[in-house]
Number of protein chains: 2
Amino acid sequence: MENERPGAYEALKLQNQVCFPVYACAKEIVRQYGPFLKDLGLTYTQYLVMLVLWETETVCSRDLSKKLHLDYGTLTPVLKRLDGAGLLTRERDPGDERLLTIRLTEEGRRKKEQAARVPHAVAGCMGLTMEEFGQLYLLAYKALAHMEKRNEEHTGGKNNVNG
Amino acid sequence: MENERPGAYEALKLQNQVCFPVYACAKEIVRQYGPFLKDLGLTYTQYLVMLVLWETETVCSRDLSKKLHLDYGTLTPVLKRLDGAGLLTRERDPGDERLLTIRLTEEGRRKKEQAARVPHAVAGCMGLTMEEFGQLYLLAYKALAHMEKRNEEHTGGKNNVNG
DNA sequence: CACAAGCGAATTGTGCACAATCAATTCGGA
DNA sequence: TCCGAATTGATTGTGCACAATTCGCTTGTG
């Protein structure tokens, strides 16, 4: 088994994986948000939805899905709960009945104040310098953009089959 | 509402969050693994467990939990499935009946060959240079280490209540 | 109008992920 | 020896996360 050429399985060692620390780091970040968001009565995913709404007031479901990289199977129940909590409303677009318009309520708007100090608090948990935050931000977005593009090519690329 | 001092809510904009691209990037990475791991008959979490076993042959449940940053509520069903698939065995440590010893089977060992090319393939999906991979790796581990330390301080810190 | 094609969402099923809780085991004293 | 505290890990309940499927709506074509 170990008579292979040396390093044949080096890439499989956990220490040599780039993906694992990113994956573990993301989970750890969500966990750091936990206590702060509990005060707001939100989960991390619900908080992401609220971030978008605090910025735009209204958004259609399709755009929300694209912005947050979440599909409808995830968003539908999340939006139902936030609607149930009175933080947003869901209504069909009169112009196109397929589209769902999500709108921030007054109660949802009030949460914005409480939430304002959360990002800084969580950033402090991570122990990175400003410069490191900047690097991490750019690297994550660069990888994200590349993978996003790949996905589009592979699903939209069906047309390429026929030349 | 917008009469606040300018920038009071800047930190709440999705674009200004560092956490979001890391979170989205991690999910996107797991998705990129999908097709490759499907050939192996593994999910991403199951693959992580196998990575550890391919390296160490045996591991106790506590160490696995710490290495992968996963608690028993997550690991127990994952290990059950991998046991059911014949890739590992679970047995109690004779010396300490609380400990669970997880052992790679011959069938599990065979999967290692198929898996050997997966890391490189996924790395290619991310579109980063070698240098960028190195940076991302270091930044993620640095943040991870800092948050890990914080967690220990806060749970072990119960004793501080009594002075 | 009729109808095929394709999109937007909802539903269903599987598998994490973790908090909270509980049970069993071990260990440290008195 | 026996009791109390700490550790390990299994269970339960909630909430993502996504693939696959389904259904209603819109749009393009004749």
Side-chain angles (χ1 to χ4, degrees), chain A residues 23-35 37-38 41-49 59-66 68-85 90-102 151 154-156 158-159, chain B residues 23-35 37-38 41-49 59-66 68-85 90-102 151-152 154-156 158-159 162:
Chain A
Y23 162 80
C25 189
K27 279 193 313 179
E28 202 63 53
I29 289 173
V30 172
R31 197 182 301 167
Q32 300 293 328
Y33 268 103
L37 295 184
K38 197 167 185 180
L42 296 174
T43 65
Y44 183 68
T45 311
Q46 291 166 7
Y47 171 72
L48 289 180
V49 172
V59 68
C60 80
S61 202
R62 173 174 40 75
D63 292 346
L64 190 60
S65 170
K66 281 180 185 165
L68 299 182
H69 295 255
L70 294 171
D71 75 0
Y72 300 115
T74 302
L75 279 179
T76 298
V78 169
L79 293 174
K80 267 185 193 169
R81 283 187 202 104
L82 289 173
D83 190 349
R90 294 171 298 154
E91 47 189 315
R92 293 288 164 187
D93 184 319
D96 185 339
E97 286 285 338
R98 292 173 305 179
L99 293 171
L100 194 63
T101 302
I102 295 138
N151 290 341
H154 283 215
T155 57
K158 283 174 189 169
N159 303 336
Chain B
Y23 162 82
C25 189
K27 280 192 314 178
E28 202 62 54
I29 289 174
V30 171
R31 196 183 301 168
Q32 299 294 326
Y33 269 102
L37 295 183
K38 197 168 185 179
L42 296 173
T43 65
Y44 183 68
T45 311
Q46 292 166 8
Y47 171 72
L48 289 181
V49 172
V59 68
C60 79
S61 202
R62 171 174 43 74
D63 293 346
L64 190 61
S65 170
K66 281 179 185 164
L68 299 182
H69 295 253
L70 293 171
D71 76 0
Y72 300 115
T74 302
L75 279 178
T76 298
V78 169
L79 293 173
K80 267 185 193 169
R81 281 185 203 104
L82 290 173
D83 189 350
R90 294 171 297 155
E91 47 189 315
R92 292 289 162 187
D93 183 319
D96 186 339
E97 286 284 338
R98 291 173 307 178
L99 292 172
L100 193 63
T101 302
I102 294 136
N151 290 340
E152 283 168 13
H154 281 218
T155 58
K158 283 176 188 170
N159 304 336
N162 296 337

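Chain letters run A, B, ... following the sequence lines, proteins first and then strands; every chain starts at 1. Small disclaimer: the values here were computed from a predicted structure and weren't measured.
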Rounded to whole Å, how long is the line connecting atom [atom1] of [X] with atom [atom2] of [N]?
X	N	atom1	atom2	value
Arg90(B)	dA10(D)	CZ	C1'	11 Å
Leu100(B)	dT26(C)	CG	P	14 Å
Arg62(A)	dC7(C)	CZ	C1'	9 Å
Glu91(A)	dA10(C)	CD	P	13 Å
Asp83(A)	dA10(C)	CG	C1'	15 Å
Ile102(A)	dG8(C)	CD1	P	14 Å
Arg92(A)	dA9(C)	CZ	C1'	6 Å
Glu97(A)	dA10(C)	CD	C1'	15 Å

Exercise. Between the side-chain atoms of Arg98(B) and the base atoms of dT26(C), is any donor-acceptor pair under 3.5 Å?
Worked result: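 Check fails, no donor-acceptor contact within cut-off.
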Exercise. Testing Leu75(B), Thr74(B), Leu68(B) for side chain to side chain contact (heavy atoms under 4.5 Å, CB included) with Asp71(B), which one passes?
Worked result: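 Going through Leu75(B), Thr74(B), Leu68(B) one by one, the side chain to side chain contact (heavy atoms under 4.5 Å, CB included) with Asp71(B) is satisfied by Thr74(B) alone.
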Exercise. Between the main-chain N or O of Thr101(A) and the side-chain N or O of Arg92(A), is there a donor-acceptor pair closer than 3.5 Å?
Worked result: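 Checked: no pair found.
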Exercise. Quick check: does any side chain N or O of Ser65(A) sit under 3.5 Å from a backbone N or O of Leu70(A), one acting as donor and the other as acceptor?
Worked result: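 Present.
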Exercise. Closest approach of Gly41(A) and Gln46(A), non-hydrogen atoms and distance?
Worked result: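 Minimum heavy-atom separation between Gly41(A) and Gln46(A): O-OE1, 4.0 Å.
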Seminar exercise, completed: With sugar-phosphate taken as primed atoms, P, OP1 and OP2 and all else as base, the protein-contact string of nucleotides 11-20 of chain D at under 4.0 Å (heavy atoms; B, S, -) is B---SSBBBS
Exercise. Should the ring pair Tyr44(A) and Tyr33(A) be called parallel, tilted or perpendicular, given that the plane angle runs from 0 to 90° and is split at 30 and 60?
Worked result: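 Geometry flag for Tyr33(A) against Tyr44(A): tilted rings.
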Exercise. If you check every side-chain atom of Asp96(A), which of dT26(D), dA10(C), dG9(D) has the closest atom?
Worked result: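 It is dT26(D).
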Problem set entry | salt bridge (charged side-chain N to carboxylate O under 4.0 Å, His left out) involving Arg90(A) - partner list, sequence neighbours excluded |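 Salt bridge (charged side-chain N to carboxylate O under 4.0 Å, His left out) list for Arg90(A), sorted by chain: Asp83(A).
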